[in-house]
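Down below is the structure, laid out as structure tokens.
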Amino acid sequence: MQNQKQSLLVLTCLSIGIVYGDIGTSPLYAFKAMFEGPHSIAINQANVFGILSLVFWTFIITVSIKYLALVTRASNKGEGGVLTLTSLAHNVAPLHLKKGILFLGMLAAGFFFGEAIITPAMSVLSAVEGITVINSRFEPMILPIAITIICGLFAIQKYGSGKIGRLFAPVMLLWFATIGLLGLLSIIKNPTVLYALNPQYAFTFIINHGAATLFTLGVVVLAVTGVEALYADMGHFGIKPIRLAWFFIVMPCLVLNYYGQGALVLSQTGDIDNPFFMLAPEMLRLPLVILATFATIIASQAVISGIFSLTRQAVNLGFLPPVQIHHTSHQEQGQIYVPLANFLLFVLVITVVITFGSSARLAAAYGIAVTATMLISSLFIIVVARYLWQWKLAVVIQYAVLMLLYDSLLFISTSLKFSDGGWLPLTIGTIVFLLMVTWYLERERISQLTKQPLSAEAMVNELEQKDWPRASGTAVYFTRNEDHVPASLVNNLKYNETLHERNVLLTFKYPDQPRVHPLKRLEVQQISPSFWQMIAYVGYQESLDIDQIFTACNCKGFTLHEVDTVFFMSSERMKLKPSTVWHDLKARLFILLSRNALRTSERLHVPQDRLIEIGVHMEI
């Protein structure tokens, strides 16, 4: 029992370093953004109390109730994330809803990519801007310092987050303790701000400002922009440590800091450029800037790692073309590095930093993709609650009305910032969504075009009846569907008129679960004297290599030796068959993606001297 308590405490502390980096650094920019910009409001007691009340109750409704109490229940063997939720909803939904859920899931994943471009830029800029509080003459140094930090952050990704990850928890614990203490000291000087815990002040603010409240909500949502990480990173620690960390450390410290900033601006007569850093005594502002910089790097690292994980999930679910994925740890399977995603993210983040130039301008672009994802998550939870958890229809309707209304208001409020920069994450997200839809639909269409009239078993039985010349060793043919005859086998017989002594039809399947037990990795079935059918199962958070396939075969009593095994793969050579403008655009995009996609043999690290590619020409 003592060891369990100790383990829970350790996991709770570790979760603070990974899960709460983004939401934990929101006090750097969220509060000041409410009182500056084109839709800023005046600093007076009614407005400050109203804002603080809205922030506090957004923490309660969005984070505590929606995500921690409800959404995190929708897990797949402990794993979470928007694609996990998509998979769960797709599996249990009625037939007429399945395609819509699939496309909405791709859209939400695309929006996550769009959000990930803003997060590192926003977090790092807001931290570095603290140097102007020390001395206003440092302002020209903000962009060079921020760009240098971002360049260094993306440059070290190839080494993995394992080593730097050990520093995450201590730094973030120090961060939350610091911001909580600074907020508490400010509240002691002006304790009346605690009245703002009363939701009445939020309602009064809404009544007084009417429709203009939507602009304010668009900024308030910045306080919870990291909420998706609670769900996405659930598999790393389990939900219990994440909940304990939120209720006993993270939320109290965030509330203290926000209310401390409110107490500060009410006690000052003049304008305060950066209330977060002004909470600290002058002699401690430079150390606070340094600590804030480390905290924002951690927040950015969590989002970058999330993009790597989401990319792998999307590839395994067939939403994106295969890309190169490196494992950076022999112990932790979740620590991966995706070079292409890292490079594209780096280029886009640097572009955003140079284009917008300040956290105040970026605040206008931040939040719209987050609220869109939150709204889609609520829709999926309704499906899961009704068809998986078997909630009564009346309860589902009540939840749908309350949560969809609230999420819709947040989405509408951030949508008002579209022309001020909100178009950026939506544009990026839409582009990623179109890539996913094009790849998924065209891949399905190609599968139908290449489908043989005979089933695999029927054709194999037909082949066995003919006395083919036999080559020694084993031939492994990659096929997308166990019921289909691979084109590489058909063309090998057509051109070489030879079969091997042993022939294996290998299909990869990606079940709706994060990881597959090694003993359940492979199914082997002999379908004729010289043909075997193999199905290898890969979880959507896993990546395989050929050594793992060999090991799984040995466990099943079917031995494969690298020296006498040859792999056959269809190399599709596609060209455009002109049709409508929309068809031509989709086909050209698919051909481009296919040319740059990582092949199965490359993903499995099949030695080139053991691989035979057979070209398959087709028009699409």
Side-chain angles (χ1 to χ4, degrees), residues 18 75-88 90 102 105-117 154 157-162 165 228-229 231-236 301-346 373 429 432-433 435-437 439-440 443 480 508-518 521 536-549 593 596-605:
I18 300 295
S75 67
N76 193 334
K77 296 187 177 180
E79 297 288 344
V82 65
L83 288 182
T84 294
L85 187 56
T86 302
S87 177
L88 287 174
H90 181 265
L102 209 58
M106 294 183 199
L107 186 62
F111 286 154
F112 186 84
F113 277 91
E115 174 197 348
I117 294 166
F154 282 95
Q157 292 303 313
K158 61 182 179 181
Y159 299 109
S161 60
E228 278 293 324
Y231 187 38
D233 293 328
M234 184 171 63
H236 293 291
Q301 175 64 52
V303 173
I304 295 169
S305 298
I307 285 295
F308 293 163
S309 297
L310 190 68
T311 301
R312 180 171 63 177
Q313 290 182 29
V315 167
N316 286 350
L317 289 170
F319 296 164
L320 284 176
V323 295
Q324 196 171 44
I325 297 174
H326 296 301
H327 289 268
T328 59
S329 171
H330 296 293
Q331 290 78 33
E332 297 296 331
Q333 192 176 36
Q335 292 184 19
I336 58 173
Y337 168 62
V338 185
L340 180 60
N342 189 65
F343 175 74
L344 292 176
L345 198 58
F346 165 70
T373 304
V432 175
F433 166 71
L435 290 176
M436 288 184 174
V437 170
W439 179 260
Y440 179 80
R443 191 75 265 170
R480 294 191 187 93
F508 290 92
K509 285 192 174 183
Y510 299 91
D512 294 322
Q513 59 189 73
R515 295 181 180 85
V516 176
H517 192 282
R521 174 75 64 202
Y537 294 94
V538 188
Y540 56 72
Q541 290 203 352
E542 292 182 309
S543 301
L544 286 185
D545 58 38
I546 198 62
D547 290 334
Q548 290 172 291
I549 297 296
L593 292 174
N596 292 279
L598 196 67
R599 298 170 300 176
T600 303
S601 61
E602 293 172 324
R603 282 190 286 166
L604 290 173
H605 305 292

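Note that the coordinates shown come from a computational prediction; the quantities given were computed from them, not determined experimentally.
Considering only heavy atoms from C-beta on, R312 stays 4.5 Å or farther from V338 through its side chain. Under the 4.5 Å side-chain criterion, counting only non-hydrogen atoms from C-beta, V432 is not in contact with F112.
T311 places a side-chain N or O within donor-acceptor distance of the main-chain N or O of I307, the cut-off being under 3.5 Å.
Closest approach of V315 to P321, counting heavy atoms only: CG2-O, 3.4 Å. Taking both residues in full, the closest heavy atoms of L83 and A314 are given as CD1-N, 3.8 Å, listed atom of the first, atom of the second, then distance. Residues L102 and H90 approach most closely at CD1-CD2, 3.9 Å, considering heavy atoms. What you find for G105 and T86 is that their closest heavy atoms are CA-OG1, 3.2 Å.
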In sequence, state the C-alpha distance, the side-chain angles, and the governing distance for L310 and V82, and then conclude on side-chain contact (heavy atoms from CB on, under 4.5 Å). CA-CA 9 Å; L310 190 68; V82 65; 4.3 Å; yes
Take Q157 and F308, measure what side-chain contact (heavy atoms from CB on, under 4.5 Å) needs, and give me the verdict at the end. CA-CA 10 Å; Q157 292 303 313; F308 293 163; 3.7 Å; yes
Trace of the side-chain contact (heavy atoms from CB on, under 4.5 Å) decision for Y231 with L85: CA-CA 10 Å; Y231 187 38; L85 187 56; 3.5 Å; yes
Intermediate values then yes/no, side-chain contact (heavy atoms from CB on, under 4.5 Å), W439 and L435: CA-CA 6 Å; W439 179 260; L435 290 176; over 6 Å; no
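Rounding to the nearest 0.5 angstrom, the gap separating the CE atom in M106 from the CZ atom in F433 is 7.5 Å.
Residues forming a side chain to side chain contact (heavy atoms under 4.5 Å, CB included) with P339 (at least two apart in sequence, or on another chain): Q324, H326, Y337. The side chain to side chain contact (heavy atoms under 4.5 Å, CB included) check on L344 picks up L340, with sequence neighbours excluded. In this structure, Y440 has no side chain to side chain donor-acceptor pair (under 3.5 Å) partners at least two apart in sequence or on a different chain.
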